2 protein chains.
Amino acid sequence: MTVPTPPWRTARKRAKTQLSQDVIVETGLRILVTDGSEALSMRRVAQALDTGPASLYAHVSNKEELLELIFDRVLGEIHLPEPDPAQWQRQLRGYAMEALRILAQYGDVARIAVANVPTGPNALRVGEWMMGLLVGAGMSPREASFAVDRLALYITADAFEGSQHFARMRAAGVTDPGAYMEEFATRIADYYRTLPADRFPHLTGYVEEMTAGDGDARFEFGLDLLITGMEARLR
Amino acid sequence: MTVPTPPWRTARKRAKTQLSQDVIVETGLRILVTDGSEALSMRRVAQALDTGPASLYAHVSNKEELLELIFDRVLGEIHLPEPDPAQWQRQLRGYAMEALRILAQYGDVARIAVANVPTGPNALRVGEWMMGLLVGAGMSPREASFAVDRLALYITADAFEGSQHFARMRAAGVTDPGAYMEEFATRIADYYRTLPADRFPHLTGYVEEMTAGDGDARFEFGLDLLITGMEARLR
DNA sequence: ACCTGAACACCGTTCAAGT
DNA sequence: ACCTGAACACCGTTCAAGT
């Protein structure tokens with residue numbers, strides 16, 4: 001016969017939400033979005049769930065694993081069209097643009113992907129889709145796997161780079177990304193102009209061109225280099 | 001008339017080496033090389049110099065700045081040949097390979113470069129060289145500056161990725177990189193083989209191809225995609 | 001100007017103990 | 001099995017005080 005636990009026992013701190021891997025991941029993601037990835041710590045996640053940091057370790061083996069789970073959770077937001085190898089360039093481009101847009105939303109979750117080989121369910125879904133597209137377009141499986149790998153590195157690296165700018169912006173108290181990037185570009189431009197022209201003829205001679213283009217333009221430029229390179233391999 | 005400081009005064013802890021930005025950078029770099037970048041902390045640098053962490057802040061404004069200084073110090077080891085636009089592909093390829101090799105030696109200093117726009121003296125030297133090469137080859141200054149930017153991102157991202165593998169290897173107590181990569185590849189391959197073939201036909205069908213090639217092969221593949229893309233732009 | 005000890009406000013992770 | 005408090009071994013940075 002069970003006896004109700006006396007109230008002075010239930011005074012023990014209990015998580016307000018039932019703990020689980022899912023709520024931990026969602027909580028971590030929310031912290032990442034609202035306060036930036038510098039703020040994502042096991043202790044902060046635990047605090048948000050009204051418990052101590054040690055409690056998380058029953059559901060997640062360490063911070064690294066939590067980050068991987070968050071990354072895969074984010075990948076799940078990428079929409080993949082029915083693969084159509086006849087227009088693989090357009091589809092690959094569309095995927096890359098959307099992946100960057102989504103990754104950019106979530107601070108530097110991208111850092112995790114630059115380092116790890118993502119093996120979560122959504123990473124597999126994306127990998128399978130890209131392989132289907134490129135092999136369907138006539139690329140050898142080996143080249144396709146390399147191409148998928150390199151494109152993923154490029155996207156995550158760019159997202160990571162962008163997130164660092166974003167973090168600095170937040171740290172500086174600026175809220176408008178456009179104004180921040182403009183200020184950043186003029187600061188670099190001003191610096192280049194102070195350089196000795198004889199030792200740095202190109203940097204000083206093409207200041208406008210060196211600082212032209214926003215993040216998107218640069219991302220698309222590199223993306224097109226990669227896709228053009230793949231096209232050449234297919235011929 | 002000056003009086004010699006009594007011995008009980010000199011008992012105060014003094015840095016064994018005269019502190020300066022240079023010795024701090026060298027010390028940080030040495031820690032990075034021998035113990036990996038996880039081990040690089042202001043406190044460890046101070047300890048190696050036989051002083052307290054607060055002492056470093058007279059020469060370096062924060063950890064971020066120290067990392068940037070270390071990065072530029074490492075860039076200085078890259079040898080640049082006389083630019084010959086007639087063989088820009090070969091020279092650009094050679095530069096990328098050497099830059100990767102050197103960056104890979106120094107743990108994840110590369111992480112700093114993925115995030116920052118390097119403006120140290122050696123970063124300028126490299127930037128000027130690459131601009132000269134590509135503009136000399138006939139590329140518009142704007143496209144050349146984009147190309148330089150994207151290539152730098154690619155190199156540092158790959159070096160960063162490689163350094164993470166290296167860190168995991170060290171954490172696992174493995175010393176032979178070849179053995180580690182082989183074990184890593186078979187682990188991924190085994191995982192792919194357990195996937196349902198109907199949902200992941202390509203991942204399960206091309207397991208060998210998906211896990212083929214070492215880090216160098218994949219780096220060169222992506223590098224060639226970029227260079228081929230640049231070639232197409234020049235025509 | 002340069003350097004110091006001590007303190008502040010944090011980390012990730014472990015572990016014995018509780019339910 | 002899951003959750004806890006407390007502790008361990010760390011962080012980067014600041015600041016008043018010393019030389």
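Keep in mind that the numbers below use all heavy atoms, side chains included, and drop hydrogens, waters and symmetry copies. Remember, it's a predicted structure, so these values are computed and weren't measured experimentally. Throughout, protein chains are lettered first and strands after them, A, B, ... in sequence-line order, and every chain is numbered starting at 1.
A sub-4.0 Å separation between OP1 or OP2 of C/dC2 and a side-chain N or O of B/Q18 is absent. When the side-chain nitrogen and oxygen atoms of B/H59 are compared with OP1 and OP2 of C/dA1, none of them lie within a distance under 4.0 Å.
When the side chain to side chain donor-acceptor pair (under 3.5 Å) test is applied to B/T27, no partner is found at least two apart in sequence or on another chain. Residues satisfying the salt bridge (Lys or Arg N to Asp or Glu O under 4.0 Å) criterion with A/D214, sequence neighbours excluded, are absent altogether. For B/E220, the side chain to side chain donor-acceptor pair (under 3.5 Å) criterion is met by B/R93, not counting sequence neighbours. Evaluation of the salt bridge (Lys or Arg N to Asp or Glu O under 4.0 Å) rule for A/R43 yields no partner, not counting sequence neighbours. Applying the side-chain contact (heavy atoms from CB on, under 4.5 Å) criterion to B/D22, with sequence neighbours excluded, gives B/S20.
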For Watson-Crick and G-U wobble pairs within 3.5 Å on both distances, what is DNA chain C written in dot-bracket notation, | included for inter-strand pairing? ||.|||||...|||||.||
Listing time: all N or O pairs from protein to nucleotides 9-14 of chain C that are below 3.5 Å?
{"from": "C/dC11", "atom 1": "OP1", "to": "A/S41", "atom 2": "OG", "distance (Å)": "3.2"}
{"from": "C/dG12", "atom 1": "OP1", "to": "A/M42", "atom 2": "N", "distance (Å)": "3.3"}
{"from": "C/dG12", "atom 1": "OP1", "to": "A/K63", "atom 2": "NZ", "distance (Å)": "3.1"}
{"from": "C/dG12", "atom 1": "OP2", "to": "A/M42", "atom 2": "N", "distance (Å)": "3.0"}
{"from": "C/dG12", "atom 1": "OP2", "to": "A/R43", "atom 2": "N", "distance (Å)": "3.4"}
{"from": "C/dG12", "atom 1": "N7", "to": "A/R43", "atom 2": "NH1", "distance (Å)": "2.4"}
{"from": "C/dG12", "atom 1": "O6", "to": "A/R43", "atom 2": "NH1", "distance (Å)": "2.8"}
{"from": "C/dT13", "atom 1": "OP2", "to": "A/Y57", "atom 2": "OH", "distance (Å)": "2.7"}
{"from": "C/dT13", "atom 1": "OP2", "to": "A/K63", "atom 2": "N", "distance (Å)": "3.0"}
{"from": "C/dT13", "atom 1": "O5'", "to": "A/Y57", "atom 2": "OH", "distance (Å)": "3.3"}

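Between D/dA9 and C/dC10, the two P atoms lie 22 Å apart (nearest whole Å).
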Going by atom type alone, with no hydrogens or angles, which donor-acceptor pairs under 3.5 Å involve a side-chain atom of residues 120-131 of chain B and a protein atom two or more places apart or on another chain?
{"from": "B/N122", "atom 1": "OD1", "to": "B/R125", "atom 2": "NE", "distance (Å)": "3.4"}
{"from": "B/N122", "atom 1": "ND2", "to": "B/D72", "atom 2": "O", "distance (Å)": "3.0"}
{"from": "B/N122", "atom 1": "ND2", "to": "B/D72", "atom 2": "OD2", "distance (Å)": "3.4"}
{"from": "B/R125", "atom 1": "NH1", "to": "B/I78", "atom 2": "O", "distance (Å)": "3.4"}
{"from": "B/R125", "atom 1": "NH2", "to": "B/L75", "atom 2": "O", "distance (Å)": "3.2"}
{"from": "B/R125", "atom 1": "NH2", "to": "B/I78", "atom 2": "O", "distance (Å)": "2.8"}
{"from": "B/E128", "atom 1": "OE1", "to": "A/H202", "atom 2": "N", "distance (Å)": "3.2"}
{"from": "B/E128", "atom 1": "OE1", "to": "A/L203", "atom 2": "N", "distance (Å)": "3.0"}
{"from": "B/E128", "atom 1": "OE2", "to": "A/H202", "atom 2": "N", "distance (Å)": "3.0"}
{"from": "B/E128", "atom 1": "OE2", "to": "A/H202", "atom 2": "ND1", "distance (Å)": "2.7"}
{"from": "B/W129", "atom 1": "NE1", "to": "B/P81", "atom 2": "O", "distance (Å)": "2.7"}

Donor-acceptor contacts, no H, no angles, side chain residues 174-191 of chain B, under 3.5 Å, sequence neighbours left out:
{"from": "B/D176", "atom 1": "OD1", "to": "B/G178", "atom 2": "N", "distance (Å)": "3.3"}
{"from": "B/D176", "atom 1": "OD2", "to": "B/A179", "atom 2": "N", "distance (Å)": "3.2"}
{"from": "B/T186", "atom 1": "OG1", "to": "B/E182", "atom 2": "O", "distance (Å)": "3.3"}
{"from": "B/T186", "atom 1": "OG1", "to": "B/E183", "atom 2": "O", "distance (Å)": "2.9"}
{"from": "B/Y191", "atom 1": "OH", "to": "A/T119", "atom 2": "O", "distance (Å)": "3.0"}

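Checked against the 6.0 Å centroid threshold, B/Y154 and B/F219 count as a close aromatic pair.
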